[in-house]
Amino acid sequence: NGIYYDNVSYTDNVVFKSVDGVNLLYSANLIRPGDYYELYFDVINSTNYNIAITDCIYNYDDEYIKYELTYADGSVINIGDTIKKGESIRIKYKVLYKKYVVEDDYVFDTSFSILYEQVI
């Protein structure tokens with residue numbers, strides 16, 4: 001669709017495998033509270049039109065994990081923010097391990113998606 005991720009960088013505790021369009025394949029180790037990892041990547045708009053961000057989908061914080069999906073400088077991504085044709089924006093995804101997990105069946109999901117649509 002002309003939107004893809006590129007120029008990926010990450011903290012030392014990330015094992016980066018590949019980027020395929022808007023999918024980042026990686027794993028990360030969070031061993032003790034206070035540990036975190038960060039991924040940085042460019043969202044490239046190679047289309048012939050401007051696109052707007054329509055949603056950011058990722059997990060809500062809970063008592064154990066904090067999730068942040070922001071611009072690279074830490075500012076908030078707003079619905080409706082535009083990426084002009086031929087341009088890119090830099091995104092940061094951070095996952096912070098806040099406190100020891102005591103639930104045996106606790107599972108956390110670090111997947112995220114950013115949804116876009118053409119600006120008319």
Side-chain angles (χ1 to χ4, degrees):
N1 69 5
I3 309 300
Y4 64 93
Y5 298 161
D6 199 4
N7 193 21
V8 181
S9 61
Y10 39 86
T11 50
D12 290 344
N13 56 340
V14 171
V15 177
F16 186 74
K17 297 181 176 88
S18 67
V19 58
D20 177 20
V22 295
N23 296 307
L24 300 173
L25 302 173
Y26 69 93
S27 60
N29 287 322
L30 299 176
I31 296 164
R32 61 187 60 86
D35 287 357
Y36 67 92
Y37 70 85
E38 292 176 337
L39 298 168
Y40 290 86
F41 56 93
D42 294 336
V43 178
I44 312 285
N45 178 0
S46 67
T47 69
N48 292 320
Y49 46 83
N50 297 340
I51 58 164
I53 295 173
T54 58
D55 204 357
C56 292
I57 301 168
Y58 58 100
N59 279 299
Y60 294 108
D61 297 351
D62 62 27
E63 63 183 303
Y64 307 116
I65 307 289
K66 178 176 176 60
Y67 304 91
E68 293 178 7
L69 187 63
T70 63
Y71 289 113
D73 66 3
S75 61
V76 173
I77 299 171
N78 293 297
I79 303 309
D81 284 356
T82 302
I83 308 170
K84 291 183 169 45
K85 62 184 177 183
E87 294 188 358
S88 67
I89 56 171
R90 189 115 178 111
I91 300 288
K92 175 174 77 169
Y93 183 57
K94 179 177 181 177
V95 176
L96 169 68
Y97 184 12
K98 296 193 300 190
K99 78 177 227 189
Y100 281 111
V101 174
V102 293
E103 299 166 34
D104 290 340
D105 58 352
Y106 180 78
V107 176
F108 70 101
D109 177 3
T110 60
S111 63
F112 65 90
S113 308
I114 304 171
L115 305 181
Y116 315 91
E117 71 180 16
Q118 181 175 346
V119 176
I120 306 296

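The structure presented is a predicted model; accordingly, all values stated were derived computationally and were not measured.
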Audit row: Lys98, Glu63, salt bridge (Lys or Arg N to Asp or Glu O under 4.0 Å) steps and yes/no: CA-CA 7 Å; Lys98 296 193 300 190; Glu63 63 183 303; over 6 Å; no
With sequence neighbours excluded, residues passing side chain to side chain contact (heavy atoms under 4.5 Å, CB included) with Asp12: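 Asp12 satisfies side chain to side chain contact (heavy atoms under 4.5 Å, CB included) with no other residue.
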Residue of the set Tyr93, Tyr37, Tyr10, Phe16 for which ring pair (Phe, Tyr, Trp, His ring centres under 6.0 Å) holds with Tyr26: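 It is Tyr37, the one option of Tyr93, Tyr37, Tyr10, Phe16 that forms the ring pair (Phe, Tyr, Trp, His ring centres under 6.0 Å) with Tyr26.
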Residue of the set Phe41, Tyr67, Tyr58 for which ring pair (Phe, Tyr, Trp, His ring centres under 6.0 Å) holds with Phe112: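 Result: among Phe41, Tyr67, Tyr58, Phe41 is the only option passing the ring pair (Phe, Tyr, Trp, His ring centres under 6.0 Å) with Phe112.
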State the [atom1]-[atom2] distance between [X] and [Y], to the nearest 0.5 angstrom.
X: Ile57; Y: Leu115; atom1: CD1; atom2: CG; answer: 4.0 Å
X: Ile65; Y: Leu96; atom1: CD1; atom2: CG; answer: 7.5 Å
X: Tyr36; Y: Asn13; atom1: OH; atom2: CG; answer: 8.5 Å
X: Lys92; Y: Thr70; atom1: NZ; atom2: OG1; answer: 4.5 Å
X: Cys56; Y: Leu69; atom1: SG; atom2: CG; answer: 5.0 Å
X: Asn7; Y: Arg90; atom1: CG; atom2: CZ; answer: 4.5 Å

Neighbour count >12 (heavy atoms, 6.0 Å) for atom NZ, Lys94: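 Above 12, so yes.
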CG/Asn78: more than 12 non-hydrogen atoms of other groups inside 6.0 Å: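 Counting other residues, nucleotides and ligands, CG of Asn78 exceeds 12 neighbours.
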Derivation of the side-chain hydrogen bond (donor to acceptor under 3.5 Å, both in side chains) call for Asp20 and Ser18: CA-CA 6 Å; Asp20 177 20; Ser18 67; over 6 Å; no
Quick check on the hydrophobic clustering: are [X] and [Y] connected, directly or via other members, by side-chain heavy-atom contacts under 4.5 Å?
X: Ile83; Y: Val119; value: no
X: Tyr71; Y: Val43; value: yes
X: Ile91; Y: Val8; value: yes
X: Val102; Y: Leu30; value: yes

Ring centres under 6.0 angstrom apart (Phe108, Tyr64):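 No: the rings miss the under 6.0 Å criterion.
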Nearest heavy-atom pair of [X] and [Y]: which atoms, and what distance?
X: Ala52; Y: Gly80; value: CB-O, 4.1 Å
X: Ser27; Y: Lys17; value: OG-NZ, 3.4 Å
X: Tyr49; Y: Asn45; value: O-ND2, 3.0 Å
X: Lys99; Y: Tyr97; value: O-CE1, 3.0 Å

Are the side chains of [Y] and [X] in contact, using a 4.5 Å heavy-atom criterion?
X: Ile114; Y: Val22; result: no
X: Asn50; Y: Lys84; result: yes
X: Ile53; Y: Ile89; result: yes

Side-chain (Asp35) to main-chain (Ile31) donor-acceptor, under 3.5 angstrom: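 Checking the backbone N and O of Ile31 against the side chain of Asp35, a donor-acceptor pair under 3.5 Å is found.
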